[in-house]
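Here's the structure we're looking at; comments come further down.
Just so it is clear, the model here is predicted, and its values are computed rather than measured.
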Amino acid sequence: MSRIDFTTATLPARKRIALIAHDHCKEHLLSWAERQRSRLERHELIATGTTGMLLNQRLGLPVECTVSGPLGGDQQIGARIAERRIDLLVFFWDPFEPQPHDPDVKALLRVAAVWNIPLAANESSADYLLSSPLLDQAHALRIPDYGSYLQGRQSAAD
């Protein structure tokens with residue numbers, strides 16, 4: 001198997017921000033989002049099912065919704081990260097309750113790390129992330145060079 005090389009990509013100034021919260025964390029995320037509304041409204045918001053509906057109702061901002069997390073929404077967000085269609089992930093996950101879809105949650109966190117996107121897992125880290133001067137500007141980051149990876153696999157197969 002080929003070793004992964006890296007390349008540089010640029011996150012746009014207007015970010016596509018994914019917002020996810022486990023059931024016991026939804027109110028925390030909603031309160032946080034209200035406080036951060038002026039920053040969030042400058043970006044495109046994507047969320048898993050119920051969280052997205054609640055965010056739309058509370059903030060009055062457009063929120064694109066995937067299906068609910070346990071029904072595959074976490075995987076939908078993960079796929080968008082791999083496709084480079086999510087630039088930032090805010091995921092208030094519940095460390096005190098077992099989740100029936102825990103493998104999906106771990107896969108989502110892994111793919112966010114693989115594609116090197118900014119990730120906040122709680123209110124404090126989300127505050128730091130949204131207060132960064134990089135939030136509203138284009139920003140270069142290192143990502144896997146998938147084209148090079150495919151070429152390496154093709155060469156190995158020949």
key: Side chains of Gln36 and Asp127 in contact at under 4.5 Å (non-hydrogen atoms)   = yes

ask   = Transitively linked via ILVMFWY side-chain contacts under 4.5 Å: Ile81 with Phe91?
value = yes

inquiry  = What I'd like to find out is whether the side chain of Leu89 reaches to under 4.5 Å of the side chain of Ile20, using heavy atoms alone.
reply    = yes

Closest non-hydrogen atom pair, Lys15 against Leu134 = NZ-O, 3.2 Å

task = Determine whether more than 12 heavy atoms belonging to other residues, nucleotides or ligands lie under 6.0 Å from atom CZ of Phe6.
result = yes

inquiry  = Apply side-chain contact (heavy atoms from CB on, under 4.5 Å) to residues Leu29 and Thr51 and explain how you reach the verdict.
reply    = CA-CA 9 Å; Leu29 179 71; Thr51 302; 3.4 Å; yes

Residue pairs, two or more places apart or on separate chains, that pass salt bridge (Lys or Arg N to Asp or Glu O under 4.0 Å) and touch residues 52-73 = Glu27-Arg58, Glu34-Arg58, Glu64-Arg80

Greater than 12 external heavy atoms within 6.0 Å of Arg142's CZ = no

Gap between atom CD1 of Ile77 and atom CG of Asp104 - 0.5 Å precision = 12.5 Å

query = What's the verdict on side-chain contact (heavy atoms from CB on, under 4.5 Å) for Thr48 and Asp74, showing C-alpha distance, side-chain angles and the deciding distance?
reply = CA-CA 7 Å; Thr48 50; Asp74 296 334; 3.9 Å; yes

query = Can you get from Leu59 to Val90 by hopping between Ile, Leu, Val, Met, Phe, Trp and Tyr side chains that sit under 4.5 Å apart?
reply = yes

request  = If the plane angle is over 60° it's perpendicular, under 30° parallel, otherwise tilted; pick one for Trp32 and Phe92.
outcome  = tilted

inquiry  = I need the single residue from Val114, Asp5, Thr7 that forms a side-chain contact (heavy atoms from CB on, under 4.5 Å) with Pro144. Which is it?
reply    = Val114

key: side chain to side chain contact (heavy atoms under 4.5 Å, CB included) partners of Ala82, counting only residues at least two apart   = Val111, Trp115

ask   = Does any donor atom in the side chain of Ser125 or Asn122 lie under 3.5 Å from an acceptor atom in the other side chain?
value = yes

task = Provide the closest heavy-atom pair for Asp136 versus Arg42 in the form atom of the first, atom of the second, distance.
result = OD2-NH2, 2.6 Å

query = Looking at residues at least two apart in the chain, or sitting in another chain, which of them share a side chain to side chain contact (heavy atoms under 4.5 Å, CB included) with Leu129?
reply = Leu88, Pro118, Ala120

key: Joint cluster assignment, Ile143 & Leu119, ILVMFWY side-chain distance < 4.5 Å   = yes

key: Asp87/His139 under side-chain contact (heavy atoms from CB on, under 4.5 Å): CA gap, chis, key distance, verdict   = CA-CA 10 Å; Asp87 303 310; His139 173 70; over 6 Å; no

message = Please determine whether the number of non-hydrogen atoms from other residues, nucleotides or ligands lying under 6.0 Å from atom CZ of Arg14 exceeds 12.
response = yes

key: Joint hydrophobic cluster, Leu141 plus Ile86, side-chain heavy atoms closer than 4.5 Å   = yes

Cluster link Ile46 to Met53, ILVMFWY, side chain under 4.5 Å = no

ask   = Given side chains that start at C-beta, do those of Leu45 and Leu19 come closer than 4.5 Å, heavy atoms only?
value = yes

note = d(Leu55 CG, Leu40 CG) to nearest 0.5 Å is 8.0 Å

ask   = Hey, are the side chains of Thr50 and Asp23 touching, using non-hydrogen atoms and a 4.5 Å cut-off?
value = no

query = Rounded to the nearest 0.5 Å, what separation is found between the CD atom of Gln137 and the OG1 atom of Thr10?
reply = 11.5 Å

inquiry  = Can you give me the closest heavy-atom contact between Ala47 and Gly52, atom names plus distance?
reply    = CB-CA, 3.4 Å

